[in-house]
Peer 1: 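Quick one: the structure is below, questions incoming.
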Number of protein chains: 2
Amino acid sequence: MATIRDVARHAGVSISTVSLALNGTGPVSEETRARIDAAVAAVRYTPNLMAQNLKRGQSKLVGMVLGDAANPFFGRLFGTIDKHISGHEHMLIVANLASDPDRELRTLTLLKRHRVAGIIMTPLRNDPEFAAHLNELDVPVVLVDQDVDGTALDFVTSDHRRGAEMLTEYLARLGHRRIAYVGGQRNMWVAERRLEGFRSAMAEAGLEVDPELEIVADYSADLAYENVMRLMSSPGRPTAILAANNYMAIGALQAVNDLGFRCPDDVSIAGIDVVAWSSIVMPRITTVEQPIDELARVASLWMMEHVRGEAERDGERRCHVAEPKLVIGHSCAPPPK
Amino acid sequence: MATIRDVARHAGVSISTVSLALNGTGPVSEETRARIDAAVAAVRYTPNLMAQNLKRGQSKLVGMVLGDAANPFFGRLFGTIDKHISGHEHMLIVANLASDPDRELRTLTLLKRHRVAGIIMTPLRNDPEFAAHLNELDVPVVLVDQDVDGTALDFVTSDHRRGAEMLTEYLARLGHRRIAYVGGQRNMWVAERRLEGFRSAMAEAGLEVDPELEIVADYSADLAYENVMRLMSSPGRPTAILAANNYMAIGALQAVNDLGFRCPDDVSIAGIDVVAWSSIVMPRITTVEQPIDELARVASLWMMEHVRGEAERDGERRCHVAEPKLVIGHSCAPPPK
DNA sequence: CGATCCTATCGAAACGGTTCGATATCAATG
DNA sequence: CATTGATATCGAACCGTTTCGATAGGATCG
């Protein structure tokens, strides 16, 4: 592959002159510039970014770590962030965790080896060991969606607790008293917030939570399916089900259908974060949506500030909490008599 | 950030010894190795991959160009390819075209500047100018999903033509005679193949295609919605609709619902490539699925062969055509009397 | 006319690594 | 004892750039 040396030789000038001409830094005569341009085309020169970055001591790469690329939430998040980042002649180098927390640390150090200018990540782990690593990483990081306790990193999320509250309140107002909650892993930040929201809204509505109806289904459609099957087959079955993410909502709906119940006539279903894409799921599921575009915009903005060195590190971490939006579908109705 | 020089100084050895020890190339005494390891930990050394790659003349980066990251098809494709690639201490550097063909060329040259070891891409454009650029790129490329005529690049796809045929045959066997086809842009490779499949299966079944019922909706749910609204409001409305991708299938179903028709009682709907994720769309849409895992596996395999220099370039391009799978849902029935 | 200041160009030193060809030490060999 | 051959370590060149300081040839000025 052609190097700057080839261009210089072909144009009959020195290497430094080529560099000055190509980068527009330093004065170059019209004539020389023309010869250089011709040479570039002749030898098909493409500047080596690795060499440029090495020399300049900065990289035009921004790392992005996704919790689960197959989930449309992350797909849209990535797409929108990419739109913002790649405008500034930067590129995203993306790693997918495939929901496997063990890959998280390895991925981060690999990105650091690449000397990325910064990392935007949706973390999975939330434990002191991980927080310690994050703090020692020495690369600007913006967390999205999920927090890691014990770090002072910029953090962009939506109000997961409020989202769960909104749906719970909605179900309670419809008259439901036995509401089942199908939630994610107990040790995950987002799952905790959503569970809090559910419980607080239940308390607020004067309803008590039956421990039997509080399920942990690890964000998996299959586990949700099994649990809802069991729940709906038992005598004290709920009249409404709140699922804490899109996959589990789908699993729940499937289970309800397969048992011959009808939604919303026999049982109401609401799901958090059931992405717009599934809006024609029939019945359309009542949900709270995260404002993905807003999350992506703020995260990208903050990241670019870090990259440009504009982020005034006054010790205070920045947090942006976006408001989720209640989208009423046709999956909820008053409980059957 | 600590460099190899710092490690050397801290351990009291030369730079080259550190390099030899860390890479396991060349003999290093137990004692020295221990001192070096200690020094690495002490100064928190992380090798600079840009420098390593520059010197070694190779990069551990593989480029991936996605047609539309927000579409779950690409999300799953990316996730699965990443799983294969990142096993070999490589990383994926991903760019999203957001369905904008104009970004395609720029993205490719940017990836080349990064000296990626290869590029896996789902192209949008299919024209001679683009093919020429691709041929001159001088970077190993594996095309996925969509072909570019006039190149000799490795190509992994599924049998789009056959997929459309299967669905058309299925609808014809159910007794439908007026089948509408909602297709993608006419200049796109995949769209052409699917249209061919539709027409050939129609001919095979002895049905004629009403030009009025052959819609171009650019893979957009909105356009499909509008067109199906129009179609279903006209006197000669079809009894079945075949949509050429997931978005358009959703648009079509929505339109049918909004007009008060019932699917499949009043009209049957089948869609190509309606991803598993939407399997609980009610009624579950009859579809042909692309074997994404297979596509990803073959593409990754071939890419790694290129990266390792094992690809015997004997002039012949490699093509892998996977068989799509007919998944029968509940969205199709015999036409109403 | 010598000093001064642009303008255009160049050489050389980095950037952070790898790697090849020394060199030094020491035990084994003839 | 002089060779030989490992073994362990090092110095220096190089990968493809950028960039700083130097140089040289005018034009401008007092």
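Computation of the quantities below employed the complete heavy-atom set of this structure, encompassing side-chain atoms and omitting hydrogens, waters and symmetry-equivalent molecules. What you see is a predicted model, and the numbers here were worked out from it, not measured in a lab.
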Peer 1: Taking CZ from A:Arg5 and C1' from D:dT18, how many angstroms apart are they, rounded to a whole number?
Peer 2: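 Rounded to the whole Å, the gap is 12 Å.
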
Peer 1: Which residue, B:Gly26 or A:Asn23, contacts DNA chain D at a nucleotide closer to its 5' end, judged by nearest heavy atom?
Peer 2: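 Residue closer to the 5' terminus by nearest nucleotide: B:Gly26.
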
Peer 1: Is the shortest distance from a Lys or Arg side-chain nitrogen in B:Arg9 or B:Asp6 to a carboxylate oxygen in the other one below 4.0 Å?
Peer 2: yes

Peer 1: Is any side-chain N of the basic residue among B:Lys83 and A:Asp100 closer than 4.0 Å to the acidic one's carboxylate O?
Peer 2: no

Peer 1: Separation of B:Glu31 atom CD from D:dT7 atom C1', in whole Å?
Peer 2: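 Nearest whole value for this atom pair: 14 Å.
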
Peer 1: In whole Å, I'd like the distance from the CZ atom of A:Arg9 to the P atom of D:dG16.
Peer 2: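 Roughly 11 Å, once rounded to whole Å.
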
Peer 1: Between A:Thr17 and B:Leu20, which residue's closest nucleotide on DNA chain C lies nearer the 5′ terminus?
Peer 2: A:Thr17

Peer 1: Could you tell me the boundaries of the chain B footprint on DNA chain C, defined by atoms under 4.0 Å from its heavy atoms?
Peer 2: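 Nucleotide range in contact with chain B: C:dG16 to C:dT19.
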
Peer 1: Base, sugar-phosphate, or nothing for B:Ser16, non-hydrogen atoms under 4.0 angstrom?
Peer 2: base

Peer 1: Name the nucleic acid region contacted by B:Ser19, choosing base, sugar-phosphate or nothing; use a 4.0 angstrom heavy-atom cut-off, strictly under.
Peer 2: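 If one applies the 4.0 Å heavy-atom cut-off, B:Ser19 turns out to touch a base.
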
Peer 1: According to side-chain hydrogen bond (donor to acceptor under 3.5 Å, both in side chains), who are the partners of B:His114, at least two apart in sequence or on a separate chain?
Peer 2: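 Partners of B:His114 by the side-chain hydrogen bond (donor to acceptor under 3.5 Å, both in side chains) criterion come out as none, since no residue qualifies.
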
Peer 1: List the residues meeting salt bridge (charged side-chain N to carboxylate O under 4.0 Å, His left out) with A:Glu129, not counting sequence neighbours, and say none if there are none.
Peer 2: A:Arg125

Peer 1: Measure distances between side-chain N and O atoms of B:Ser14 and base N and O atoms of D:dG11, and say whether any donor-acceptor pair falls under 3.5 Å.
Peer 2: no

Peer 1: Does any residue of residues 38-63 of chain A have a heavy atom under 4.0 Å from DNA chain D, and if so, which ones, in number order?
Peer 2: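 A:Tyr45, A:Thr46, A:Pro47, A:Asn48, A:Ala51, A:Gln52, A:Lys55, A:Arg56, in order of number.
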
Peer 1: Between B:Thr32 and D:dA8, is there a side-chain N or O to OP1/OP2 distance below 4.0 Å?
Peer 2: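 No, because none of the side-chain N or O atoms of B:Thr32 sits under 4.0 Å from OP1 or OP2 of D:dA8.
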
Peer 1: Any salt bridge linking B:Glu305 with B:Arg318? Criterion: basic side-chain nitrogen under 4.0 Å from a carboxylate oxygen.
Peer 2: yes

Peer 1: Would you say B:His160 and B:Asp145 are linked by a side-chain donor-acceptor pair, where the criterion is simply a distance under 3.5 Å?
Peer 2: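 Checked: B:Asp145/B:His160 side chains pair up, N/O donor to acceptor below 3.5 Å.
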
Peer 1: Please report the distance, rounded to the nearest Å, between CG in A:Leu22 and P in D:dG16.
Peer 2: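 The answer, rounded to whole Å, is 16 Å.
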
Peer 1: I'd like to know whether the aromatic ring centres of B:Trp302 and B:Phe155 sit less than 6.0 Å apart in this structure.
Peer 2: no

Peer 1: Without placing hydrogens or testing angles, list every side-chain donor-acceptor pair under 3.5 Å for residues 48-56 of chain B, not counting sequence neighbours.
Peer 2:
{"residue": "B:Asn48", "atom": "OD1", "partner": "B:Met50", "partner atom": "N", "Å": "2.8"}
{"residue": "B:Asn48", "atom": "OD1", "partner": "B:Ala51", "partner atom": "N", "Å": "3.2"}
{"residue": "B:Asn53", "atom": "ND2", "partner": "B:Leu49", "partner atom": "O", "Å": "3.2"}

Peer 1: I want to check one thing: is the phosphate of D:dT18, taken as OP1 and OP2, less than 4.0 Å away from some side-chain N or O of A:Thr25?
Peer 2: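 A:Thr25 to D:dT18 OP1/OP2: no side-chain N or O under 4.0 Å.
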
Peer 1: Donor-acceptor pair, distance only, cut-off 3.5 Å: does the side chain of B:Thr32 make one with the backbone of B:Val28?
Peer 2: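 Absent.
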
Peer 1: Are A:Arg317 and A:Asp147 within salt-bridge range, i.e. N to O under 4.0 Å?
Peer 2: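 A:Asp147 and A:Arg317: salt-bridged.
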
Peer 1: Tell me the bend of the helix from C:dC1-D:dG30 to C:dG30-D:dC1 as the angle between end helix axes, each from five pairs, rounded to the nearest 10 degrees.
Peer 2: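 One end's axis against the other's: 60°.
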
Peer 1: So, A:Asn96 side chain and A:Ala69 main chain: donor-acceptor pair closer than 3.5 Å or not?
Peer 2: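 Here the side-chain-to-backbone pair exists.
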
